[in-house]
Amino acid sequence: MHKVTKEHINKLADYFWEIPKSFREDMRVPAQILASEKILDDIIEDRSLNQLVNVATLPGIRKAALVMPDVHEGYGFPIGGVAATMHPDGAISPGGIGYDINCGVRLLTSQLTKDDIKDQLEALSKELYAQVPSGMGKGGQIRLSSEQIDEVLRTGAEWCVEHGYASQEELKYIESHGKLKWADPSCVSQMAKNRGLDQLGTIGSGNHFVEVASVDEIYDREAANAFGLCENQVVVMVHTGSRGLGHQVATDHIRVMVSAMRNYDIRLPDRELACVPFNSEEGKNYFKAMCSAANFAWCNRQIISWEIRNAWNTVFGENGGQLDLMYDVAHNIAKVEKHVIDGKEEKVIVHRKGATRSFGSGFDELPDEYIPIGQPVIIPGSMGTCSYVLAGTIKSYDLTFGSCCHGAGRRLSRRAAKKQVNAPVLKEQLRERGIYIEAGSFRGIAEEAPIAYKDVNSVVETVNCSGVAKKVAKIKPLVVVKG
DNA sequence: ATGTGC
């Protein structure tokens with residue numbers, strides 16, 4: 001199979017490119033790329049665009065297989081990919097969602113400014129590290145019974161309201177209100193449940209983190225006001241997912257699908273794209289399990305917020321004010337949504353893997369004050385660089401099935417990063433720039449070094465200029481806690 | 001991403 005090169009790519013518009021269906025005879029739809037010229041030059045080097053072409057062969061795929069500017073290689077599908085398949089008989093593919101089901105980001109807003117907390121950054125970093133368990137395989141303080149894990153899987157963030165970890169009010173500041181109703185714990189294996197029993201309220205490792213940051217620049221005053229953001233304000237960002245439970249759900253169902261595929265006469269260029277029809281027995285079981293794992297992840301991020309609030313109160317006491325949930329987005333998930341294709345509304349299964357939903361104004365799932373603006377889109381940069389808050393747009397429905405990028409996107413493998421980076425030196429350099437890192441291992445710091453990632457500014461510039469989301473605010477890190 | 005690798 002031939003590699004994608006620049007000659008195969010047509011320019012459709014500024015920041016928008018296409019590999020036509022004619023590139024390979026097994027493509028069912030074209031492959032489209034959201035990128036600046038420079039980002040396109042970078043990503044053409046690796047296999048991510050070949051993976052994108054593979055995605056374009058999925059049974060029932062509609063309109064186009066897409067990647068966002070933070071694209072990089074992933075399991076089967078590229079990370080930063082979007083694929084919408086026909087409902088109900090098109091494919092559902094766990095590889096199009098990712099092993100970390102409902103990996104996502106939330107942002108909490110405080111009533112403090114960066115000046116208010118400048119002398120307590122070290123204390124805050126230590127307290128957050130103490131209160132929020134992190135690291136591979138790490139458990140937390142909460143031990144669920146087998147009845148309780150089923151409740152968590154069924155009800156997601158709602159479980160937190162009943163158990164004092166959330167207010168009823170804040171649930172509407174979570175994508176899908178923190179619960180997918182198709183969840184069915186009977187489709188989640190005992191092993192997956194066991195792995196989740198003590199993992200609520202833990203961030204894990206890799207690129208997961210808790211970050212305290214301050215608002216550095218506002219681009220859209222009206223949207224910033226609606227989201228509750230202002231200059232120099234301190235905010236807290238959380239990036240994590242469904243931990244070992246979600247990973248086990250993916251593992252279990254990929255195994256089932258790989259062997260079930262032959263019954264549906266599905267042939268694919270890469271076995272990592274394993275999929276079955278959404279309305280098949282295996283497809284329905286996976287979707288119900290995926291929804292359960294997504295609910296677990298929302299519950300997890302909510303309990304982490306409770307831990308952060310406890311740390312906040314310990315460090316700042318009565319001067320700390322409150323931490324309000326601005327929004328919580330998923331970026332590894334599949335959703336059944338309606339989109340207009342060829343002028344007609346269709347129900348599709350939108351796979352977003354390392355891609356954030358970016359629905360525009362008028363979307364009535366949002367809290368009232370966000371409806372005129374569009375949904376918040378939270379884009380973390382790499383460790384020690386800036387991050388962005390954007391707002392979704394109507395235009396994203398036309399271009400990307402209402403989707404946007406999810407981060408800076410890796411440019412170096414973990415291996416390559418470890419070779420190039422001296423973690424203790426990097427930690428010291430960040431400290432000199434006023435950023436306090438608290439991490440369980442130097443390895444994690446090396447793998448997540450800024451050099452291992454694309455420049456988040458140009459990734460965000462791409463989504464902003466192409467119109468799939470609009471910039472609202474930039475935030476700069478003060479404290480980072482990771483595994 | 002992940003009780004880290006067919």
Side-chain angles (χ1 to χ4, degrees), chain A residues 48 51 70-81 93-105 133-140 143-144 149 188-210 238-255 258-259 270-272 274 289-290 292-294 296-298 300-301 304 329-334 351-356 380 382-383 406-419 439-449 452-453 482-483:
Chain A
S48 53
Q51 290 190 321
D70 53 339
V71 61
H72 55 107
E73 289 174 51
Y75 176 86
F77 289 58
I79 294 161
S93 175
I97 288 142
Y99 272 89
D100 189 4
I101 294 164
N102 191 2
C103 187
V105 194
S134 63
M136 173 78 104
K138 257 301 201 28
R143 298 291 134 106
L144 299 173
I149 185 98
V188 175
S189 70
Q190 196 54 53
M191 198 194 298
K193 289 178 187 174
N194 288 344
R195 288 179 69 174
L197 289 178
D198 68 345
Q199 290 189 324
L200 278 183
T202 68
I203 55 177
S205 65
N207 60 3
H208 291 167
F209 61 78
V210 171
V238 179
H239 179 202
T240 187
S242 51
R243 309 284 287 100
L245 182 141
H247 191 277
Q248 192 63 46
V249 166
T251 304
D252 293 340
H253 289 263
I254 287 169
R255 185 174 303 143
V258 165
S259 66
D270 180 352
R271 59 181 285 147
E272 293 185 354
M290 186 216 75
S292 309
F296 184 86
W298 273 313
N300 186 28
R301 290 197 286 276
I304 289 168
V329 300
H331 56 226
N332 278 9
I333 203 160
H351 299 67
R352 295 192 181 90
K353 181 191 197 177
T356 307
S382 55
M383 181 181 63
H406 84 307
R410 270 198 172 275
R411 52 177 286 274
L412 294 182
S413 68
R414 294 184 179 281
R415 249 174 74 111
K418 259 184 295 190
K419 263 191 185 165
S441 71
F442 280 123
R443 174 182 162 172
I445 293 179
E447 290 182 352
E448 297 304 317
Y453 282 84
K482 52 194 290 80

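None of these values were measured; they are calculated from a predicted model. Per chain, numbering begins at 1; letters A, B, ... match sequence-line order.
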Query raised in the report: Any N or O donor-acceptor pair linking the side chain of A:Arg443 to the base of B:dT4 at under 3.5 Å?
Result: yes

**Report entry** Plane angle bin for A:His239 and A:Phe209 - parallel if under 30°, tilted between 30 and 60°, otherwise perpendicular
**Finding:** perpendicular

Query - Which residues share a salt bridge (Lys or Arg N to Asp or Glu O under 4.0 Å) with A:Lys138, sequence neighbours left out - result: none

Query raised in the report: Could you give the CD1-to-C1' distance, from A:Ile203 to B:dT2, as a whole number of Å?
Result: 15 Å

Report task. Take atom OH of A:Tyr75 and atom P of B:dC6, then tell me their distance rounded to the nearest Å. Result -> 11 Å

Query - Whole-Å gap separating C1' (B:dT2) and OH (A:Tyr99) - result: 9 Å

**Report entry** Protein-nucleotide distance (A:Glu447, atom CD; B:dT2, atom P), rounded to Å
**Finding:** 12 Å

Report task. Would you mind classifying the nucleic acid contact of A:Glu448 as base, sugar-phosphate or nothing, using non-hydrogen atoms under 4.0 angstrom? Result -> sugar-phosphate

**Report entry** For A:Asp270, side-chain hydrogen bond (donor to acceptor under 3.5 Å, both in side chains) partners two or more places apart
**Finding:** none

Query raised in the report: Which part of the nucleic acid, if any, lies within reach of A:Gly206 when heavy atoms closer than 4.0 Å are counted: base, sugar-phosphate only, or nothing?
Result: sugar-phosphate

Query raised in the report: What is the distance, rounded to the nearest whole Å, between atom NE2 of A:His208 and atom P of B:dT4?
Result: 16 Å

Report summary line: Separation of B:dT2 atom C1' from A:Arg255 atom CZ, nearest Å, is 14 Å

Report task. Nearest whole angstrom, please: distance from the P of B:dT2 to the CD of A:Glu272. Result -> 18 Å

Query raised in the report: Looking for any heavy atom pair under 4.0 Å, which part of the strands does A:Gln199 touch: base, sugar-phosphate only, or nothing?
Result: sugar-phosphate

Query raised in the report: Can you tell me how far C1' of B:dT2 sits from CZ of A:Arg243, to the nearest Å?
Result: 9 Å

Requested in this report: Kindly say if A:Ser205 contacts the phosphate of B:dT2, meaning a side-chain N or O under 4.0 Å from OP1 or OP2.
Outcome: yes

Report task. Indicate the ring-plane relationship of A:His331 and A:His406, choosing parallel, tilted or perpendicular according to the 30° and 60° boundaries. Result -> perpendicular

